[in-house]
Amino acid sequence: MDLERIAELIAPFLANDPENPPPSSLRHRHSDAKPRVEESAVLSLTQTRAISIYIDLLLRWNSRINLTSVRQPEEIVTRHFGESLFAARHLLPGRDAPARMGTATLRPSEPGWEDKSVPKVRVIDVGSGAGFPGLPIKIWAPQAHLTLIESNQKKSTFLREVIRSLALTNVDVFTERADAFRGAKGDIVTLRAVERFDAILPVAARLVAPSGRLAVLVGEAQLNRVRELVPRLQWGDPIRLPLSASRVLIIGRNESG
């Protein structure tokens with residue numbers, strides 16, 4: 001898929017003001033540019049290429065196994081990558097990679113790339129399916145250690161193929177149910193568009209480390225249910241997703257010590 005078109009479609013999800021996304025001249029920033037906090041975030045060419053490769057893989061695999069009901073490339077960009085990167089920006093503010101590339105010898109998608117000035121964050125994506133929002137969060141914040149929890153063997157195979165194709169490091173795929181996961185808890189745990197929502201949300205909440213956060217992408221109609229199912233988390237106000245009439249991001253913090 002055309003890189004400029006990907007950047008154009010994602011721009012509203014990274015804009016400070018979603019109604020006024022950055023002009024095309026700001027959508028790709030040179031690697032030696034200085035960060036400007038007042039600007040909307042932008043993707044690097046490396047990140048945009050990674051998304052393009054990911055889309056091609058998703059479309060190819062989706063013809064054999066059911067990874068997503070969204071079939072049109074542009075809708076895949078907005079529904080899957082846009083929403084995921086919107087969540088990433090709210091969960092990991094100040095980590096927009098184009099502003100960090102100036103001193104990096106390796107590109108963020110290459111093995112061995114590391115920005116030592118940014119502390120590592122452990123991210124767990126529950127019910128990853130086709131990899132959203134977990135893998136776009138990894139593309140956004142290459143320093144993060146990501147665990148994708150997906151019990152379906154075929155979908156897990158697809159996730160490993162994306163990881164291999166994008167040369168991502170520090171990514172694990174756990175091919176069992178979330179309640180069987182015994183690894184380290186996450187600083188950030190994400191959940192989006194999963195079946196058996198009422199059963200899986202409390203399980204996801206148990207994977208959140210002290211002072212960690214649970215980020216849930218849902219429809220507005222589910223907000224009360226989210227708070228009812230996990231009352232022990234301190235839930236913030238829902239944040240409406242760009243280009244959506246009803247979908248929101250809501251983040252709960254684990255205040256336990």
Side-chain angles (χ1 to χ4, degrees), residues 9-22 36-43 77-96 99 118-119 121-129 132-141 144 146 178 185-257:
L9 291 168
I10 286 178
F13 297 89
L14 300 182
N16 288 334
D17 178 0
E19 299 301 321
N20 295 286
R36 292 177 56 189
V37 176
E38 70 273 14
E39 286 182 357
S40 296
V42 290
L43 297 177
V77 174
T78 54
R79 277 296 304 272
H80 292 322
F81 288 95
E83 288 192 7
S84 299
L85 291 169
F86 181 82
R89 193 179 184 204
H90 282 83
L91 293 165
L92 299 162
R95 289 169 178 257
D96 40 327
V118 180
V121 173
R122 186 172 292 275
V123 179
I124 300 175
D125 185 29
V126 178
S128 295
F132 305 105
L135 285 173
I137 289 175
K138 178 68 176 178
I139 292 170
W140 173 264
L146 174 65
K185 293 188 175 185
D187 303 299
I188 295 170
V189 177
T190 58
L191 187 67
R192 175 183 185 260
V194 297
E195 296 178 358
R196 300 172 56 250
F197 182 78
D198 282 18
I200 198 63
L201 182 61
V203 175
R206 291 197 290 272
L207 299 179
V208 182
S211 300
R213 290 167 292 166
L214 173 61
V216 186
L217 290 154
V218 292
E220 277 185 316
Q222 292 177 287
L223 284 174
N224 288 338
R225 193 65 182 143
V226 168
R227 297 185 181 100
E228 290 170 1
L229 288 167
V230 191
R232 66 181 181 83
L233 295 187
Q234 298 298 314
W235 293 100
D237 294 331
I239 309 165
R240 186 176 299 280
L241 294 168
L243 310 183
S244 174
S246 62
R247 288 181 59 73
V248 298
L249 167 68
I250 184 167
I251 300 171
R253 180 177 292 276
N254 182 6
E255 299 289 359
S256 65

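- A 4.5 Å side-chain heavy-atom check between Thr190 and Leu91 finds at least one atom pair inside the cut-off.
- Here the side chain of Arg89 pairs a donor or acceptor atom with the backbone of Leu14 at under 3.5 angstrom.
- For the pair Leu85 and Pro136, the tightest heavy-atom approach, listed with the atom from each and the gap, is CD2-O, 3.6 Å.
- Here the side chain of Trp235 pairs a donor or acceptor atom with the backbone of Val230 at under 3.5 angstrom.
- With values rounded to the nearest 0.5 angstrom, Ile200 atom CD1 is found 11.5 Å from Leu229 atom CG.
- Rounding to the nearest 0.5 angstrom, the gap separating the CG atom in Leu223 from the CG atom in Asp237 is 10.0 Å.
- Distance check: Glu228 CD to Gln222 CD gives 12.0 Å after rounding to the nearest 0.5 Å.
- Remark: Glu195 CD is loosely packed, at most 12 non-hydrogen atoms of other residues, nucleotides or ligands lying under 6.0 Å away.
- Contact record, Val123 with Ala144: CG2-CB, 4.1 Å, taken as the closest heavy-atom pair.
- Closest approach of Ser211 and Arg253 over heavy atoms only: O-NH1, 2.8 Å.
- In this structure, the side chain of Arg192 does not engage the main chain of Phe132 through any donor-acceptor pair within 3.5 Å.
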Kindly determine whether Val216 and Phe197 satisfy side-chain contact (heavy atoms from CB on, under 4.5 Å), including the steps that lead there.
CA-CA 11 Å; Val216 186; Phe197 182 78; 4.0 Å; yes
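- Among Leu135, Leu43, Ile10, Leu9, the single residue meeting the side-chain contact (heavy atoms from CB on, under 4.5 Å) criterion with Phe81 is Ile10.
- Of all heavy-atom pairs between Arg240 and Val248, the closest is CA-CG1, 4.0 Å.
- Within the 4.5 Å cutoff, no side-chain heavy atoms of Asp125 are placed close to those of Ile137.
- A distance of 4.0 Å separates CD1 in Ile239 from NE2 in His90, rounded to the nearest 0.5 Å.
- The minimum heavy-atom distance linking Ala87 with Leu249 is given by the pair CA-CD2, 3.9 Å.
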Report the C-alpha distance between Val203 and Val126 in whole Å, list the side-chain angles of each, state the deciding distance to 0.1 Å, and finish with yes or no for side-chain contact (heavy atoms from CB on, under 4.5 Å).
CA-CA 9 Å; Val203 175; Val126 178; 5.9 Å; no
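- Side-chain N or O atoms of Asn254 include none that pairs as donor or acceptor with a backbone N or O of Gly212 at under 3.5 Å.
- For Asp198, the CG atom is densely surrounded, since the number of other residues' heavy atoms within 6.0 Å is greater than 12.
- Judged by distance alone, with hydrogens and angles left aside, the side-chain atoms of Arg232 form a donor-acceptor pair with the main-chain N or O of Ala205 at under 3.5 Å.
- Distance check, rounded to the nearest 0.5 Å: CZ of Arg227 to CG of Leu201 gives 12.0 Å.
- A pairwise comparison of heavy atoms in Phe13 and Thr78 identifies CZ-O, 3.5 Å as the closest pair.
- No donor-acceptor pair under 3.5 Å is formed between the side chain of Lys185 and the backbone N or O of Pro210.
- Listed for the Ser244 side chain is no donor-acceptor partner under 3.5 Å among the backbone atoms of Leu241.
- Note: Leu214 CG to Leu207 CG = 9.0 Å, rounded to the nearest 0.5 Å.
- In this structure, Ile188 and Leu92 have side chains that are in contact, with non-hydrogen atoms separated by less than 4.5 Å.
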